[in-house]
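All residue numbers refer to positions in the sequence shown, counting from 1. Model, not experiment: these values are computed from the prediction. Indexing begins at 1, ligand by ligand and atom by atom, following the structure's order. Values below: every heavy atom of this structure, side chains too, minus hydrogens, waters and symmetry copies.
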Amino acid sequence: MSFSVLKRSFSTTVGKNAIKNVVVIGGGLMGSGIAQVTAQAGQNVTLVEVNGDILKKAESNIGVSLGRVAKKLFKDKPASEAEKFVNDTKSRIKGTTDVKSAVTDADLVVEAIIENIDIKHKLFKTLDETAPAKTLFASNTSSLSIGEIASVTNRKDRFGGLHFFNPVPMMRLLEVIRIPETSDETYKSFMEWGKAIGKTCVTCKDTPGFIVNRLLVPYMAEAVRLYERGDASVKDIDVAMKLGAGYPMGPLELADYVGLDTTHFILQGWHKKMPSEKLFNTLKTVEKLVKEGKLGVKSGEGFYNYKK
Ligand code: 3HC
């Protein structure tokens, strides 16, 4: 991200009646990024995880990422200013394992937990019973249906998708997903909130993969198939797309970065729903790597070895 983009996201102020108290559920790669950019924009964040150890890890990851952001933002400024930025941002993030007490004054809840519909249903049922009527609900799901997730709540008019991209502090896009029941007021609040945290928002219906993943996942899958046929090596496929198409990462590098388990899970879900769509066929190589625990960057190995 360019310096000006970072600066813009940092200097964005929150409007008078805008969302101020945000609860992020799930402190993984996406959840901690969402918590970070929200706090960077001056909002209060409660980050919910299942246990203290995972919370600590999320807080530490946020600290590292904030350090990288500060290094760029305050490149020509005294170190004390960068330190203040990091500490002020961190101070706006409160960690907890108690989901019920976390949402008592929430304006917005963003769910970024495991991609399992039953677990998401259980969570949103509890949230719906506990959170005040004003609280808007959103899911950061990358492949499940927002309508299906929202179906267990009594606030479908205050429900939508807010889909972020990895790494959240760097990627400027936010996909805002409307289900037929999402009210105009809720949609407007989502769009304004996205802007307030420094993102450019696009709108999409509740269709598998929304915009980005619907195009990106089949592209990554085609790259794997190219490799599986023996047409080109992993390295050459990546070099080709970086230098020939101007992408920041090659497709196999990106699959490792997104997580091979995530890529496999998305394809598996879509294949089950749309078995006649060949682009959604699951991939033998990815399935094998996942079985071996080679999930990409996060596990230290995938198409590439990151342990060296
Ligand atoms: N936090 C803060 N800053 C970060 C960061 C993070 N997590 N990751 C990278 N950066 C910044 C740092 O400022 C870093 O500078 P530093 O070296 O001083 O720390 C700068 O980015 C450059 O990083 P790198 O030198 O490590 O590497 P790159 O120049 O290649 O940039 C990248 C990294 C921004 C990730 C770039 O490669 C990129 O844009 N890749 C494509 C990512 C992409 O397509 N994401 C979408 C995936 S799909 C998705 O998320 C949807 C989901 O549903 C699956």
Side-chain angles (χ1 to χ4, degrees), residues 1-7 9-10 26-40 57-75 82 85-86 89-90 110-115 138-146 161-177 198-200 202 204 207-221 223 238-239 241-243 245-270 286 295-298 302 304 306:
M1 184 192 283
S2 69
F3 178 71
S4 61
V5 172
L6 282 170
K7 182 107 182 156
S9 83
F10 174 48
L29 218 54
M30 300 305 284
S32 44
I34 299 166
Q36 178 184 333
V37 294
T38 306
Q40 271 177 235
K57 195 167 173 243
E59 282 161 1
S60 150
N61 288 342
I62 291 172
V64 172
S65 177
L66 274 174
R68 295 173 81 178
V69 171
K71 202 170 121 190
K72 275 221 165 63
L73 263 181
F74 298 91
K75 200 169 63 173
F85 161 79
V86 171
T89 306
K90 276 188 188 167
V110 184
E111 167 270 315
I113 64 167
I114 186 171
E115 292 280 78
S139 174
N140 176 58
T141 182
S142 49
S143 64
L144 301 175
S145 152
I146 301 294
L162 290 173
H163 185 224
F164 288 82
F165 298 87
N166 184 28
V168 180
M170 297 301 294
M171 305 310 282
R172 295 161 58 189
L173 187 71
L174 176 62
E175 288 178 327
V176 176
I177 314 305
K199 300 296 179 198
T200 297
V202 293
C204 186
T207 174
F210 315 131
I211 301 173
V212 173
N213 281 348
R214 179 63 182 80
L215 299 174
L216 199 58
V217 175
Y219 153 69
M220 292 193 292
D238 281 345
V239 167
M241 292 314 289
K242 280 193 280 194
L243 303 189
Y247 288 15
M249 282 178 174
L252 303 171
E253 206 183 349
L254 185 60
D256 270 0
Y257 190 70
V258 165
L260 296 181
D261 50 342
T262 306
T263 309
H264 180 59
F265 179 84
I266 294 174
L267 278 172
Q268 219 176 16
W270 291 353
V286 173
L295 310 180
V297 178
K298 64 184 162 192
Y304 294 90
Y306 303 90

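Contact atoms of ligand 1 toward Met249: 35 (C), 37 (O), 40 (N), 41 (C) (distance under 4.0 Å to a heavy atom of the residue). Heavy-atom proximity to Val258, at under 4.0 Å, picks out these atoms of ligand 1: 47 (C), 48 (S), 54 (C). Ligand 1 places these atoms under 4.0 Å from at least one heavy atom of Leu216: 48 (S). Atoms of ligand 1 found under 4.0 Å from any heavy atom of Tyr257 (numbered from 1 in listed order, with element): 35 (C). Listed by atom number, the atoms of ligand 1 under 4.0 Å from Lys72 heavy atoms are 12 (C), 13 (O), 14 (C), 15 (O), 20 (C). Residue Lys71 has at least one heavy-atom neighbour below 4.0 Å for each of these atoms of ligand 1: 18 (O).
Using a 4.0 Å cutoff on heavy atoms, Tyr247 does not count as a contact of ligand 1. Heavy atoms of Met30 come nearer than 4.0 angstrom to ligand 1 in no pair at all.
Between atom 17 (O) of ligand 1 and the options Lys75, Glu253, Lys242, Arg68, the minimum heavy-atom separation is to Arg68. Taking only non-hydrogen atoms, the option from Arg172, His163, Met170 nearest to atom 10 (N) of ligand 1 is Met170.
Ring planes of Tyr247 and Tyr219: perpendicular class, angle over 60° (limits at 30 and 60°).
At a heavy-atom cutoff of 4.0 Å, ligand 1 is contacted by the side chain of Asn213 but not by its backbone. Residue contacts with ligand 1 for Ile266 are absent, since no atom lies close enough (heavy atoms, distance under 4.0 Å).
For ligand 1, the polar-atom distance check against Ser65 finds a nitrogen or oxygen pair separated by under 3.5 Å.
A heavy-atom distance below 4.5 Å is not found between the side chains of Ile34 and Leu162. Residues Arg214 and Thr207 are not in side-chain contact: their nearest non-hydrogen atoms beyond the backbone lie 4.5 Å or more apart. Within the 4.5 Å cutoff, side-chain heavy atoms of Ile266 are placed close to those of Ser142. Using a 4.5 Å heavy-atom cutoff, the side chains of Ile211 and Glu175 are in contact.
Not counting sequence neighbours, Tyr306 has no partner by the ring pair (Phe, Tyr, Trp, His ring centres under 6.0 Å) test. Residues passing the ring pair (Phe, Tyr, Trp, His ring centres under 6.0 Å) test with Phe165, sequence neighbours excluded: His163.
Of the residues Val176, Val202, Ile146, Leu215, the one that meets the side chain to side chain contact (heavy atoms under 4.5 Å, CB included) test with Phe210 is Ile146. Test Leu29, Asp261, Leu260 against Lys298 for side chain to side chain contact (heavy atoms under 4.5 Å, CB included) and you get one pass: Asp261.
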